[in-house]
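Notes follow the structure.
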Amino acid sequence: MMNSLRAAMLVFLTCYSCLFMAAFLYSIRDAFNGGSMSLDIPLFLNSLLWVSAILVTALLISVSPLGDKIVSLFFATRRQNLREEQKINPAVQRIKELYRQKYGFDLDISVCVMDEPHINGMALGRETAAISTGLLKVANDDEIAGVLAHEAGHLHHKDSVLALAMLVAGLPTVLLNYLLSIFFRISLGSGASSGGGSPIGFLIGGALLILFLMLFAYYVVFWAVSFLVLWLMRVFEVSTQWKMEYRADEFAMQLGYAPALIELFERVEDEDIRNSTGFLSKYLYSHPPTALRIDRLERAMLKQR
């Protein structure tokens with residue numbers, strides 16, 4: 001059910017970003033043609049076709065193995081050294097064997113290392129997991145396998161590849177919203193910065209703003225709606241991320257790694273300090289509180305007995 005909702009959100013973001021980019025491209029092309037107050041539908045559809053082809057291509061790359069390599073560039077990841085291989089590879093092999101026994105087919109997973117002191121693990125794209133050097137220093141073999149089983153759960157449920165695709169689909173909306181926001185700030189602030197707030201400066205800034213609103217009217221309409229879309233993206237992210245983490249924990253439990261995860265969580269629980277205050281602030285963390293993760297695993301283990 002969750003993946004169906006995320007897939008629907010992906011389609012919505014893709015469609016909106018295509019329309020937003022098409023409005024921007026159409027406005028530029030229409031401005032070079034002298035501008036018009038009426039919508040040139042063939043020109044808009046042509047713009048929509050071009051931007052849709054670009055965004056769909058980017059989405060296809062993001063869900064391919066190449067997408068894993070690209071997203072890895074944004075993190076401090078590297079290949080394993082010999083000592084790390086001796087810790088990681090046996091755990092990966094055990095997880096693959098357990099996965100094959102349970103599901104009847106192989107799990108595609110490759111593991112890289114992140115150079116960071118914090119205890120961390122993450123799934124990147126469709127078949128890549130990463131664990132931190134901080135985790136490797138403090139965790140025993142079963143705990144490392146438990147974390148990798150958790151990340152394998154994300155890969156199994158397509159959490160990370162869908163997250164990457166949604167990031168790609170929503171990025172044009174984020175960037176185009178930010179672009180026009182910057183222009184408004186520049187135009188409205190030009191009066192204050194020109195001649196110490198002289199009337200001429202305000203007239204110049206106002207004229208630029210009016211001219212832009214006339215030439216880029218359709219882009220401005222999508223920009224206004226994009227605030228609602230960005231808010232919806234954030235609400236959707238916050239409302240699903242804890243469920244995905246709980247589901248990945250349950251996946252690790254089904255492979256037999258709940259005790260190892262609980263042991264690790266209990267040792268690192270003191271690092272989970274959440275001092276932020278405010279309405280719903282506690283839900284803005286990407287992961288649920290460690291104490292609740294321990295509780296969920298322990299209750300699930302009791303039900304299995």
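For clarity, every value in this text was computed on a predicted model and none was experimentally measured.
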What distance separates [X] [atom1] from [Y] [atom2], expressed to the nearest 0.5 Å?
X	Y	atom1	atom2	value
Glu116	Ser132	CD	OG	5.0 Å
Leu264	His150	CG	NE2	11.0 Å
Trp242	Arg296	CH2	CZ	10.5 Å
Thr14	Leu55	OG1	CG	5.5 Å
Tyr257	Arg94	OH	CZ	4.0 Å
Ser47	Leu19	OG	CG	11.5 Å

Give the cluster check for [X] versus [Y]: same hydrophobic cluster or not, with ILVMFWY residues linked at side-chain heavy-atom distances below 4.5 Å.
X	Y	value
Leu124	Val161	no
Val138	Val111	yes
Val221	Ile41	no
Leu10	Leu5	yes
Tyr218	Ile28	yes

When you measure from the side chain of [X] to the backbone of [Y], do you find a donor-acceptor pair of N or O atoms at a distance under 3.5 Å?
X	Y	result
Ser17	Ala169	yes
Asp68	Arg126	yes
Thr77	Ser72	yes
Asn177	Ser226	no

So that I can tick it off, tell me whether Glu237 and Arg234 are bridged by a salt bridge, with the cut-off set at under 4.0 angstrom between side-chain N and carboxylate O.
yes
Step by step, work out the side-chain contact (heavy atoms from CB on, under 4.5 Å) result for Asn89 and Gln80.
CA-CA 10 Å; Asn89 288 353; Gln80 307 166 33; 3.4 Å; yes
Picking from Glu143, Glu298, Arg267, what satisfies side chain to side chain contact (heavy atoms under 4.5 Å, CB included) with Ile262?
Glu298
Side chain to side chain, Met122 and Ser160, heavy atoms closer than 4.5 Å:
no
Test item: Ile109 and Ile95 side chains (from C-beta on) under 4.5 Å apart, heavy atoms:
no
Set of salt bridge (Lys or Arg N to Asp or Glu O under 4.0 Å) partners for Arg78, sequence neighbours left out
Glu84, Asp115
Checking Arg293 now: which residues fulfil salt bridge (Lys or Arg N to Asp or Glu O under 4.0 Å) with it, not counting sequence neighbours?
Asp249
Please work out which of the three classes, parallel, tilted or perpendicular, describes the rings of Tyr103 and Tyr99, given edges at 30° and 60°.
tilted
Between Phe44 and Phe222, what is the ring plane arrangement, given parallel below 30°, perpendicular above 60°, and tilted in between?
parallel
Going through the distances and angles, do Leu179 and Phe24 end up as a side-chain contact (heavy atoms from CB on, under 4.5 Å)?
CA-CA 11 Å; Leu179 178 64; Phe24 180 60; 3.9 Å; yes
Other residues, nucleotides and ligands only: do more than 12 of their heavy atoms fall within 6.0 Å of CG on Leu302?
yes
Give a yes or no on this: more than 12 heavy atoms of other residues, nucleotides or ligands lie within 6.0 Å of atom NZ of Lys158.
no
Residue set satisfying ring-ring contact (aromatic ring centres under 6.0 Å, His included) with Phe74, at least two apart, ordered chain then number -> none
Establish, yes or no, whether a centroid distance under 6.0 Å links the rings of Phe20 and Tyr219.
yes
Does Glu263 form a side-chain contact (heavy atoms from CB on, under 4.5 Å) with Asp142? I'd like the steps, not just the answer.
CA-CA 10 Å; Glu263 182 179 344; Asp142 285 341; over 6 Å; no
Mind running side-chain contact (heavy atoms from CB on, under 4.5 Å) on Ile119 and Val147 for me, showing each step along the way?
CA-CA 10 Å; Ile119 298 171; Val147 172; over 6 Å; no
Exercise: do Arg6 and Thr240 side chains pair donor with acceptor under 3.5 Å:
no
